[in-house]
Amino acid sequence: AAEDAAALNLNMCSALAHVVADTMRTLTVMGCALLVAFCGYDAEHTDAMGSLLVCCIVLAIAAYISFEATAELHAHRRRARAEAGGALQLARSEAMPRIVEEC
């Protein structure tokens with residue numbers, strides 16, 4: 001259940017990142033258009049700077065999601081190893097009495 005919740009959180013975070021990226025691009029295009037129309041800025045340079053700003057924000061969000069996904073994978077591996085170790089320990093403890101009885 002905890003694994004499902006973590007996967008859902010990562011999926012929701014990824015979907016939110018997508019929405020934020022789309023919103024940021026829309027806002028920067030509108031802002032650039034206003035700067036070009038009313039302040040006389042160069043259209044190509046303004047658009048390029050807006051694109052770089054959005055790319056930096058998207059990169060930061062993607063880095064965060066990657067970090068969280070990697071942390072979740074490591075936690076999953078630790079849980080799987082602990083469960084496998086516990087099963088192995090249980091199998092050894094169940095086999096030990098049989099070995100002692102046979103001797």
Requested in this report: Can you tell me which residue pairs pass the salt bridge (charged side-chain N to carboxylate O under 4.0 Å, His left out) test with a partner in residues 53-68, sequence neighbours excluded?
Outcome: none
**Report entry** Contacts of type side-chain contact (heavy atoms from CB on, under 4.5 Å), residue Thr23, not counting sequence neighbours
**Finding:** Val19, Leu27
Query raised in the report: In the hydrophobic clustering that connects Ile, Leu, Val, Met, Phe, Trp and Tyr at side-chain heavy-atom distances below 4.5 Å, which members other than Val29 occupy its cluster, ordered by chain and number?
Result: none
Query raised in the report: So do Tyr64 and Cys13 actually touch side chain to side chain, heavy atoms under 4.5 Å?
Result: yes
Query raised in the report: Linking Ile, Leu, Val, Met, Phe, Trp and Tyr by side-chain heavy atoms under 4.5 Å, what else ends up with Leu59?
Result: none
Query - Working for salt bridge (charged side-chain N to carboxylate O under 4.0 Å, His left out), residues Arg78 and Glu72 - result: CA-CA 10 Å; Arg78 282 193 298 273; Glu72 182 58 34; over 6 Å; no
Query - Heavy-atom pair with the smallest gap, counting every atom of Ile61 and Ala17 - result: CG2-CB, 3.2 Å
**Report entry** From Val20, Asp22, Leu16, residue fulfilling side-chain contact (heavy atoms from CB on, under 4.5 Å) relative to His18
**Finding:** Asp22
Query raised in the report: Transitively linked via ILVMFWY side-chain contacts under 4.5 Å: Met30 with Val36?
Result: no
Requested in this report: With sequence neighbours excluded, tell me which residues meet side-chain hydrogen bond (donor to acceptor under 3.5 Å, both in side chains) with Thr26.
Outcome: none
Please report, to 0.1 Å, the donor-acceptor pairs under 3.5 Å made by any side chain of residues 46-57, with sequence neighbours excluded.
residue : atom : partner : partner atom : Å
Thr46   : OG1  : Asp42   : O            : 2.6
Asp47   : OD1  : Arg25   : NH2          : 3.0
Ser51   : OG   : Arg25   : NH1          : 3.1
Ser51   : OG   : Arg25   : NH2          : 3.3
Ser51   : OG   : Asp47   : O            : 3.0

